[in-house]
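Below you'll find the structure, written out as structure tokens, and then a few comments.
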Amino acid sequence: MLGPRRAVLFLIALLVALFALPTADATASAGGSTNNWAVLVCSSAKFVPLAPQYRTVKRLGIPDSQIILMLADDAACNPRNPFAGTVYSNADRKTDLYGETIEVDYKGDEVTVETFLRLLSGRLPESTPPSKRLNTDSRSNIFVYMTGHGGDEFLKFQDREEISAYDLAYAFGGMWAKGRYNEILFMVDTCQANTLYSKFYSPNIVATGSSAKDENSLSHHNDNDIGVAVTDRYTHHVLTFLEGINKTSNVTLQNLFDTFSFEIMQSNAGVRSDLFQRPLDETLLTDFFGGVFEVELSSPMDEAGATSTATSPEDDDVPMESGPRPRRRRVEAVPAAPKEPWSTQKIIFSSGLLVAVQVAGVMFARSRSQTQQA
């Protein structure tokens with residue numbers, strides 16, 4: 001049993017150690033993601049399909065239920081598209097990126113600045129179905145991709161309104177305050193794109209854009225049958241790079257950013273990482289583009305054979321060896337419960353420690369007084 005003097009010293013040491021701990025901002029992101037989401041936005045009525053981005057994130061494992069696709073103009077059904085119901089990002093038209101499985105959540109006049117900001121904040125009408133909601137939490141990594149007509153610190157929506165760099169910064173700030181994300185990868189392809197993330201202030205955001213201030217974001221190539229450019233240089237380069245990775249790839253964000261060059265894009269693509277807590281060369285692309293798989297726990301055949309394995313949906317197609325198959329139950333990742341802000345935790349814990357110190361001090365004074373009387 002500790003004496004009064006030792007108890008006081010021990011409690012003081014605990015109090016000092018508490019304030020020496022790293023802050024929540026520094027520890028929240030490391031290995032903290034349990035679910036990945038993608039928000040893909042084409043804000044202007046121009047023929048720049050988002051189908052390639054949609055196909056990429058879906059191929060790498062993010063399900064449709066966690067992809068929000070906003071198209072101001074339906075390229076597949078555009079009268080200027082002679083190949084109705086299809087979208088190709090290359091003039092050779094080898095792969096139909098639109099297909100029959102694409103799920104568009106917002107299209108046409110639904111794509112507005114208000115709708116986009118409400119989507120990020122979660123303040124949508126009660127009648128909004130779950131498929132059109134961004135149901136993220138404090139353990140969610142979000143890939144946000146935006147394209148359209150833009151300029152210095154703004155991006156047009158439907159050629160009628162604009163979203164500014166301040167709007168985006170405040171929206172992400174509100175998301176962080178409400179515990180709606182763990183980390184964000186923000187990617188924008190428009191003229192003067194790098195100015196759109198210049199006002200960001202919230203932690204755990206890494207941003208990249210296609211062009212610097214006073215620069216245009218140029219198209220990659222034209223499809224003469226359609227009469228327009230079908231993809232931009234920046235987006236074409238990023239998607240070509242992503243086609244070389246799979247769900248288990250160890251390619252990092254830094255590997256991608258190192259490939260950016262003026263010769264390829266004819267503009268100065270930018271990267272901002274000062275708000276991001278992890279080193280870019282240790283952050284995998286699949287931390288944002290890949291899906292977080294469910295876990296299947298196998299019932300043990302015996303005490304020594306109990307194991308747990310992570311499997312992907314494709315594993316169901318793999319033939320099993322002959323013999324009895326162990327019964328399995330599917331367990332989904334459960335989001336972490338919301339916690340009190342770190343500053344609040346410090347105040348509560350510090351107050352408790354101070355009370356304990358005061359009590360120990362009184363006990364020590366009484367013990368000393370009794371010793372002197374004896």
Side-chain angles (χ1 to χ4, degrees), residues 29 33 36 38-42 48-62 88-92 94-95 97 141-148 150 155 183-198 200 204-222 229-291:
S29 63
S33 172
N36 289 352
V39 179
L40 311 176
V41 183
C42 180
V48 178
L50 284 179
Q53 294 86 328
Y54 173 86
R55 174 178 174 271
T56 296
V57 296
K58 192 172 180 180
R59 176 181 65 84
L60 293 175
I62 301 181
Y88 303 97
S89 63
N90 286 297
D92 56 18
K94 289 184 178 180
T95 304
L97 300 175
N141 280 3
I142 310 175
F143 169 53
V144 180
Y145 176 90
M146 304 185 74
T147 186
L155 182 70
E183 293 174 333
I184 289 179
L185 171 60
F186 179 77
M187 185 176 292
V188 57
D189 187 357
T190 186
C191 297
Q192 307 188 63
N194 302 350
T195 62
L196 270 176
Y197 53 75
S198 60
F200 289 0
N204 296 349
I205 299 179
V206 57
T208 176
S210 60
S211 53
K213 185 175 180 179
D214 299 325
E215 287 184 345
N216 293 325
S217 183
L218 302 179
S219 62
H220 184 265
H221 63 270
N222 295 325
V230 293
T231 186
D232 294 334
R233 287 179 174 270
Y234 174 83
T235 296
H236 183 270
H237 174 74
V238 171
L239 292 176
T240 301
F241 185 91
L242 293 177
E243 283 297 312
I245 71 173
N246 55 38
K247 299 175 184 178
T248 60
S249 172
N250 291 321
V251 178
T252 66
L253 286 177
Q254 190 63 58
N255 294 144
L256 170 62
F257 297 153
D258 286 343
T259 66
F260 291 175
S261 70
F262 185 87
E263 289 72 21
I264 294 174
M265 302 177 190
Q266 298 300 301
S267 60
N268 291 292
V271 176
R272 181 180 175 189
S273 60
D274 58 297
L275 300 171
F276 200 63
Q277 304 296 332
R278 293 194 286 157
L280 296 182
D281 58 0
E282 297 178 9
T283 305
L284 302 180
L285 280 169
T286 51
D287 288 349
F288 294 95
F289 292 96

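Hydrogens, waters and symmetry mates play no part in the numbers below; they use all other heavy atoms, side chains included.
Judged by distance alone, with hydrogens and angles left aside, the side-chain atoms of Asn268 form no donor-acceptor pair with the main-chain N or O of Ser211 at under 3.5 Å. In this structure, the side chain of Asn36 engages the main chain of Asp287 through a donor-acceptor pair within 3.5 Å. Side chain of Thr259 to backbone of Leu256: a donor-acceptor contact under 3.5 angstrom is found. With hydrogens and angles disregarded, no donor-acceptor distance shorter than 3.5 Å links the side chain of Thr190 to the backbone of Ala193. Put simply, the side chain of Arg272 gets close to the backbone of Tyr197: a donor and an acceptor are under 3.5 Å apart. Not a single donor-acceptor pair under 3.5 Å links the side chain of Asp189 to the backbone N or O of Ser210. Put simply, the side chain of Gln192 never gets that close to the backbone of Glu215: no donor and acceptor are under 3.5 Å apart.
Within the model, atoms OG of Ser33 and CD1 of Ile142 stand 9.5 Å from one another, a figure rounded to the nearest 0.5 Å. Phe276 contributes atom CZ, which lies 10.5 Å from atom CD1 of Ile184 (distance to the nearest 0.5 angstrom). Atom CG of Asn246 and atom CG of Asn250 lie 9.0 Å apart (nearest 0.5 Å). In this structure, OG1 on Thr147 lies 7.5 Å from CG on Leu155, to the nearest 0.5 angstrom. Considering CD of Glu183 and CG of Asn141, their distance stands at 4.5 Å, rounded to 0.5 Å.
Across Thr195 and Lys213, no two heavy atoms sit closer than the pair CG2-CB, 3.8 Å. Closest of all the heavy-atom pairs between Leu285 and Thr252 is CG-O, 3.8 Å. Between Ile245 and Leu60, the shortest heavy-atom contact is O-CD2, 3.8 Å. Contact between Thr283 and Arg278 at its shortest, heavy atoms only, is CG2-NH2, 3.4 Å. Annotation for Ser249 and Thr286: closest pair O-OG1, 3.8 Å, computed over non-hydrogen atoms. Considering every non-hydrogen atom in both Met265 and Arg233, the closest pair reads O-CD, 3.4 Å.
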When you look at Phe289 and Val251, which way does the side-chain contact (heavy atoms from CB on, under 4.5 Å) test go after all the steps? CA-CA 11 Å; Phe289 292 96; Val251 178; over 6 Å; no

Trace of the side-chain contact (heavy atoms from CB on, under 4.5 Å) decision for Phe260 with Thr208: CA-CA 10 Å; Phe260 291 175; Thr208 176; 3.4 Å; yes

Pair Glu243, Leu239 - check side-chain contact (heavy atoms from CB on, under 4.5 Å), show working. CA-CA 6 Å; Glu243 283 297 312; Leu239 292 176; 5.6 Å; no

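Screening Ile205, Leu253, Val144 for a side-chain contact (heavy atoms from CB on, under 4.5 Å) involving Leu185 leaves a single residue, Leu253. For the ring-ring contact (aromatic ring centres under 6.0 Å, His included) with Phe186, the qualifying choice from Phe200, Phe288, Phe143 is Phe200, the only one to do so.
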